[in-house]
Structures are given as C-alpha cells and as structure tokens.
Amino acid sequence: GVPGRLTAVDPYGDTLMNEQEAAAAVLEIGALKQQCGDEGQLAALDDLARMLRKCAATPSSYLWFGGD
C-alpha cells in the first residue's frame, strides 16, 4: 500500500519501468530530495531523475533496475 512508482522498485529482484511509469516516477523525485541531507543522496537522485526523464521521453523504452 505505499503510493508511487519508486516504491515498486524491488531492492532484491529486478524491476522494469516503461516510459509511462518513468514519467510518473520522475514526479516523485522532488519530494524525496526534501528528505535528503546528504550530498551523495542528492546526487544519486539527480542521476535517477535524469535516467527517468530520458526513459519517459523515449517511446517504447524501459528502465531496468537490477536487484541485489
């Protein structure tokens, strides 16, 4: 039950997002950045936002998160 696309990313298994899901997930980055105090975390969120935007802008693309 937690809302959002990023909460669906499985840290232990693989997760695949299509361009529509990536477009929804990129909207969640701003709220997450407000919860970060560490520069490394902020940089990681910036990288994630960049990848999500690229996926969202590319028809028929996917972003694959490889779990542990």
Quick check against the 3.5 Å criterion: does [X] have a side-chain atom that pairs as donor or acceptor with the backbone of [Y]?
| X | Y | value |
| --- | --- | --- |
| Glu21 | Arg5 | no |
| Asp14 | Gly67 | yes |
| Thr15 | Asp10 | yes |

For the pair Ile29 and Leu52, evaluate side chain to side chain contact (heavy atoms under 4.5 Å, CB included) and give the outcome as yes or no after the intermediate values.
CA-CA 10 Å; Ile29 297 292; Leu52 288 167; 4.2 Å; yes
Would you be so kind as to tabulate the donor-acceptor pairs closer than 3.5 Å made by side chains of residues 33-43, with sequence neighbours excluded?
{"unit_1": "Lys33", "atom_1": "NZ", "unit_2": "Asp46", "atom_2": "OD1", "d": "2.5"}
{"unit_1": "Asp38", "atom_1": "OD1", "unit_2": "Gly40", "atom_2": "N", "d": "2.7"}
{"unit_1": "Asp38", "atom_1": "OD1", "unit_2": "Gln41", "atom_2": "N", "d": "3.1"}

I need the minimum non-hydrogen distance between [X] and [Y], along with the two atoms involved.
| X | Y | answer |
| --- | --- | --- |
| Leu6 | Glu28 | N-OE1, 3.2 Å |
| Cys55 | Ser61 | O-OG, 2.8 Å |
| Ala57 | Pro59 | O-CD, 3.5 Å |

What distance separates Leu16 CG from Trp64 CH2, expressed to the nearest 0.5 Å?
9.0 Å
Test Phe65 against Met17 for side chain to side chain contact (heavy atoms under 4.5 Å, CB included), laying out the working first.
CA-CA 8 Å; Phe65 297 85; Met17 280 190 193; 4.0 Å; yes
